[in-house]
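Below you'll find the structure, written out as C-alpha cells, and then a few comments.
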Amino acid sequence: MKPAGRYAAKYLTPFAVLGFLMEEGRLAGIDFLPRGEATLAPSDALTRQVCVQIEAYLHDADFQFDLPLRQSGTLHQMKVWQAMSAIPCGQATTYGALAQQLGSSPRAVGQACGSNPLPLIIPCHRVVAKNGAGGFMHHASGAPLAIKDWLLRHEGYQR
C-alpha cells in the first residue's frame with residue numbers, strides 16, 4: 001500500500017477506492033485501494049477532471065478518456081499497453097493472442113498487464129486467459145479478480 005500523502009485524490013467506486021497519483025501535471029498512476037479506505041477530495045483541477053472522467057466511465061462504459069498521461073515502462077511494457085488500449089470496450093483478447101500479435105510470450109504479456117500503472121485508462125482487464133479470467137494486478141484470485149470481473153461485466157463482455 002502506498003502512503004496516503006502521495007494521492008492527489010481517493011475516489012470511491014462500486015469496486016474499490018481509486019487512488020490517483022499525479023506527476024508533472026499528468027496522471028501517472030491509479031491504485032485500487034480497499035472500499036473502506038477514506039476518500040480524499042481532488043487537490044487540483046486536473047485531478048477533479050480525472051474524477052469526472054472516471055464517473056463518466058462508470059455511467060457509460062464506452063466513455064473515451066481524454067487525460068494527460070505520464071507513462072513510464074520498458075519498451076515491451078509500452079508495446080503491450082498500447083496494444084491493450086486498442087481493445088474495444090465489451091471485447092477481450094487472450095494473453096496468447098496479444099503475445100502472438102507482439103511477437104512475445106503470454107507470460108511476458110501477463111507481467112506487462114500486471115504492471116500497468118493506469119488501469120481503466122489502459123484497459124488491462126480486457127486481457128484474459130484462454131480458459132478463464134486470468135490474473136489482475138499480479139493476482140490470480142481474491143479481490144483483484146472480483147474487480148476485473150466487475151469491469152468486464154460493466155463493459156458488457158460475455159465469455
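Position 1 is the first residue of the sequence, and the numbers go up from there. Worth knowing before you read on, the calculation uses all heavy atoms, side chains too, and leaves out hydrogens, waters and symmetry mates. Keep in mind that this is a model prediction, so the values were computed, not measured.
Across all non-hydrogen atoms, the minimal contact from Y95 to C113 is CE2-SG, 4.1 Å. The heavy-atom pair separating P106 from G96 by the smallest distance is CG-CA, 3.9 Å. Taking all atoms of both residues into account, the shortest heavy-atom contact from C51 to F20 is SG-CE1, 3.8 Å. The two residues T47 and A9 have their closest heavy-atom pair at CG2-CB, 3.4 Å. Closest approach of F136 to C124, counting heavy atoms only: CE1-SG, 3.7 Å.
Rounding to the nearest 0.5 Å places CD of E23 at 12.0 Å from CG of L69. H76 NE2 to S115 OG: the interatomic distance, rounded to the nearest 0.5 Å, is 11.0 Å.
In summary, of the residues considered (L33, T39, I30), a side chain to side chain contact (heavy atoms under 4.5 Å, CB included) with L18 occurs for I30 alone.
At least one donor-acceptor pair closer than 3.5 Å links the side chain of K148 to the backbone N or O of A133. Q158 places no side-chain N or O within donor-acceptor distance of the main-chain N or O of G156, the cut-off being under 3.5 Å.
In this structure, L21 is not a member of the same hydrophobic cluster as I147, with clusters built from ILVMFWY side-chain heavy atoms closer than 4.5 Å. A continuous path of Ile, Leu, Val, Met, Phe, Trp and Tyr side chains, each step under 4.5 Å between heavy atoms, connects F32 with L118, placing both in one hydrophobic cluster. Linking ILVMFWY side-chain heavy atoms closer than 4.5 Å, directly or via other members, places I121 and F63 in a single hydrophobic cluster. In this structure, L67 is a member of the same hydrophobic cluster as M22, with clusters built from ILVMFWY side-chain heavy atoms closer than 4.5 Å. Both L58 and L151 belong to a single network of hydrophobic side chains, linked directly or stepwise wherever heavy atoms of I, L, V, M, F, W or Y lie under 4.5 Å apart.
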*List the steps, then state whether side chain to side chain contact (heavy atoms under 4.5 Å, CB included) holds for R70 with L27.*
CA-CA 6 Å; R70 184 177 186 287; L27 179 62; over 6 Å; no
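Residues P42 and V50 are not in side-chain contact: their nearest non-hydrogen atoms beyond the backbone lie 4.5 Å or more apart. The shortest side-chain heavy-atom distance between Q101 and T93 does not fall under the 4.5 Å cut-off. Taking the side chain as every heavy atom from C-beta outward, P119 and M137 never approach each other to under 4.5 Å. A 4.5 Å side-chain heavy-atom check between R6 and D31 finds every atom pair outside the cut-off.
For residues 122-132, the set of pairs meeting the side-chain hydrogen bond (donor to acceptor under 3.5 Å, both in side chains) definition, not counting sequence neighbours, comprises H125-E155, R126-E155. Contacts classified as ring pair (Phe, Tyr, Trp, His ring centres under 6.0 Å) and involving residues 140-159 (residues at least two apart or in different chains) are given here: F15-W150, Y57-H154, W150-H154.
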Would you give me the side-chain donor-acceptor pairs under 3.5 Å for residues 81-92, sequence neighbours excluded?
{"residue": "W81", "atom": "NE1", "partner": "A112", "partner atom": "O", "Å": "2.8"}
{"residue": "S85", "atom": "OG", "partner": "W81", "partner atom": "O", "Å": "3.0"}

